[in-house]
A.B. asks: 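Dropping a structure here in C-alpha cells format, bear with me for questions.
Numbering of ligands and ligand atoms starts at 1, following listing order. Bear in mind that the values here come from a model prediction, so they are computed numbers and not experimental data.
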Amino acid sequence: MEEYIKMNILDTEFMQGFIRMANDGWEQGWHERNGGNLSYRMKPEEVVQGKESFKEGQWQPIGAKVPGLAGEFFLVTGSGKYFRNVILSPEDSLCIIEVDKQGENYRRVWGLVNGGKPTSELPSHLMNHEVKKKATDGKYRVIYHAHTTNVIALTFVLPLKDEVFTRELWEMATECPVVFPSGVGVVPWMVPGGREIAAATSELMKEYDVAIWAHHGMFASGEDFDLTFGLMHTVEKAAEILVKTLSMRPDKLQTIQPEEFRHLAEDFHVSLPEKFLFEKQGTQSTAPVEKQGI
Ligand code: 2HA
Ligand code: ZN
C-alpha cells in the first residue's frame with residue numbers, strides 16, 4: 001500500500017529550523033524593528049514537501065544575475081517584516097521564492113499572505129548563495145544577516161581591514177580560529193539593499209564565511225541553521241569580549257601569540273592563513289585608541 005502523508009508546510013523540519021533561528025536572533029537583540037534577514041536554499045525533497053501549498057505569483061527582477069541558482073527555491077524573510085513576529089505568524093513574515101531558468105527573476109510561491117516582497121537584501125543573499133553553493137559543492141544553504149551590536153561598535157574603532165578584524169576576534173576566544181579559520185572580511189560603509197554592496201559582499205564570501213558591513217552588521221553563511229547561527233553567535237561574542245576589554249584599557253597585558261595560534265591550528269586540524277598571524281608590537285591592541293596614546 002502506498003503511504004502518503006500530507007504535511008502542513010509549517011510543520012516541516014526546514015520551516016521549523018528557520019523559525020527557531022529567526023527567533024533566536026531576535027532574542028539575542030540583533031533584530032530591532034525590521035533589522036536583519038535570513039534565507040535558506042531548499043533541498044529538492046523539501047520543495048516536493050512544500051509543493052502542495054505553492055501558489056505561483058508574478059515573475060519579478062532579482063536586481064542581480066545569479067545563473068548558478070537557476071530553478072532553486074529559497075525560504076526568505078520578508079522586506080519590512082520583524083524577526084520578532086516570525087514565530088507568531090510565519091506565513092505573514094516569510095515567503096518561499098523560486099528563481100527562474102536565467103537566474104534573473106524570482107516569483108513568490110508561498111507566504112507573505114498579507115502582501116509584501118522578499119527581503120530588501122535579496123541581491124546580497126542570492127549572490128552570496130551563488131558563491132557558496134559553487135565553493136562548497138552545494139553544501140552551504142544558509143545566509144544570515146544580523147545587526148550584531150558589538151561587531152558594529154568595533155567598526156567605529158578598528159581599522160576596516162580583514163587582517164585586523166580577524167586577528168582581534170581570534171584573540172578574544174580560543175575557539176574562534178577553530179570556528180572561523182578562514183577569517184572574516186570587512187566591507188566599508190556602502191548603501192545597503194543594492195547590487196553594489198551585494199557584489200562586494202559576495203566577493204568576500206569567496207574567501208570567508210563571514211562578512212562585516214561597517215556601521216551596519218554582519219553576514220554569515222553555513223551548511224545549516226545550527227552552524228550558521230553558531231558562527232554569527234561566536235563572532236559576535238568575541239566582539240563583545242573585545243568591546244569589554246577595550247572599555248577597561250586600550251592595550252592587553254597578555255594575549256594569544258602567533259606561534260600559539262600555529263600550535264592550535266595543528267592540534268585542531270585547521271589551516272590558518274599566515275596573513276592573519278603577523279607580529280605585533282608586544283600585546284598591544286590594533287585599536288586606533290592606543291595610537292592616540294590614551
Ligand atoms: O531592514 O537589515 O539591511 C533589513 C536590513 C537591511
Ligand atoms: Zn541590515
Side-chain angles (χ1 to χ4, degrees), residues 18-19 21-41 60-64 66 74-97 106 108 111-112 114-132 142-156 160 165 184-205 208-222 225 228-229 231-233 235-236 239-240:
F18 189 105
I19 294 169
M21 176 158 164
N23 200 61
D24 286 348
W26 156 250
E27 288 183 348
Q28 288 296 323
W30 301 337
H31 300 286
E32 74 291 338
R33 205 173 180 275
N34 61 322
N37 22 78
L38 175 62
S39 64
Y40 170 73
R41 186 167 56 83
Q60 312 279 342
I62 290 168
V66 284
F74 295 86
L75 176 58
V76 300
T77 46
S79 176
K81 299 294 181 180
Y82 291 26
F83 268 57
R84 182 170 167 255
N85 293 334
V86 169
I87 198 165
L88 293 178
S89 49
E91 64 278 44
D92 170 69
S93 307
L94 312 178
C95 64
I96 294 175
I97 58 166
Y106 74 89
R108 194 177 79 207
L112 290 173
N114 298 307
K117 291 196 297 192
T119 168
S120 60
E121 302 293 359
L122 193 63
S124 279
H125 277 260
L126 294 185
M127 286 179 78
N128 288 340
H129 273 295
E130 189 182 40
V131 164
K132 284 302 183 191
V142 184
I143 302 286
Y144 182 30
H145 169 56
H147 294 175
T148 41
T149 316
N150 293 284
V151 161
I152 297 170
L154 290 176
T155 65
F156 295 94
L160 299 176
F165 268 80
V184 302
V186 185
V187 181
W189 188 87
M190 291 173 81
V191 176
R195 224 204 71 85
E196 211 179 315
I197 196 167
T201 312
S202 59
E203 195 52 38
L204 290 176
M205 282 292 181
Y208 308 114
D209 287 343
V210 178
I212 291 169
W213 280 6
H215 323 323
H216 185 144
M218 228 194 304
F219 266 83
S221 176
F225 299 121
T228 313
F229 186 84
L231 176 59
M232 184 73 84
H233 203 183
V235 175
E236 172 60 4
E240 182 181 353

A.B. asks: Identify the two heavy atoms, one from S93 and one from K81, that lie closest to each other, and give their separation to 0.1 Å.
C.D. replies: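 Of all heavy-atom pairs spanning S93 and K81, the closest is O-CG, 3.6 Å.
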A.B. asks: Would one find an N or O of S120, backbone or side chain, under 3.5 Å from an N or O of ligand 1?
C.D. replies: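 No; the residue has no nitrogen or oxygen that sits under 3.5 Å from a nitrogen or oxygen of the ligand.
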A.B. asks: Pairing donors with acceptors under 3.5 angstrom, does anything connect the side chains of H216 and H145?
C.D. replies: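 Side chains of H216 and H145: pair found under 3.5 Å.
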A.B. asks: With a cut-off of 4.0 Å, which atoms of ligand 1 are near a heavy atom of H145?
C.D. replies: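 This gives 2 (O), 3 (O) as the contact atoms.
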A.B. asks: Can you check whether G36 has an N/O within less than 3.5 Å of an N/O in ligand 1?
C.D. replies: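 Min N/O separation from ligand 1 is below 3.5 Å for G36.
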A.B. asks: Could you say whether the N/O atoms of H216 and ligand 1 ever approach to under 3.5 Å?
C.D. replies: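 Min N/O separation from ligand 1 is below 3.5 Å for H216.
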A.B. asks: Are side-chain heavy atoms of F219 and W213 found at a separation under 4.5 Å?
C.D. replies: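 Yes, at least one pair of side-chain atoms sits under 4.5 Å.
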A.B. asks: What is the name of the N/O/S atom of H216 that is nearest to the Zn ion (ligand 2)?
C.D. replies: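 Going by distance to the Zn ion (ligand 2), the closest N, O or S atom in H216 is NE2.
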A.B. asks: Return the residue, atom name and 0.1 Å-rounded distance of the protein heavy atom closest to atom 6 (C) of ligand 1.
C.D. replies: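 Looking only at protein heavy atoms, the one closest to atom 6 (C) of ligand 1 is E121 OE2, 3.1 Å.
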A.B. asks: Report the nearest protein non-hydrogen atom to atom 5 (C) of ligand 1: residue, atom name, distance rounded to 0.1 Å.
C.D. replies: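 Its nearest protein heavy-atom neighbour is N37 ND2, 3.4 Å.
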A.B. asks: Distance only, no hydrogens: is a donor on one side chain within 3.5 Å (strictly under) of an acceptor on the other, for E121 and N37?
C.D. replies: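 No - no donor-acceptor pair under 3.5 Å links their side chains.
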A.B. asks: Closest N/O/S atom of H145 to the Zn ion (ligand 2), by atom name?
C.D. replies: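 Restricting H145 to its N, O and S atoms, the minimum distance to the Zn ion (ligand 2) goes to NE2.
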A.B. asks: For atom CD of E27, decide whether the heavy atoms of other residues, nucleotides or ligands shown that lie under 6.0 angstrom number more than 12.
C.D. replies: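 For E27, atom CD is crowded (more than 12 foreign heavy atoms under 6.0 Å).
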A.B. asks: Identify which of N34, T119, T77 has a heavy atom lying nearest to atom 4 (C) of ligand 1.
C.D. replies: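 Going through N34, T119, T77 one by one, N34 has the nearest heavy atom to atom 4 (C) of ligand 1.
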A.B. asks: Has the side chain of N128 got a donor or acceptor atom that lies under 3.5 Å from a matching backbone atom of S124?
C.D. replies: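 It does hold such a pair.
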A.B. asks: Looking only at atom types and distance, does a side-chain atom of T228 sit under 3.5 Å from a main-chain N or O of G222, one as donor and one as acceptor?
C.D. replies: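 Yes.
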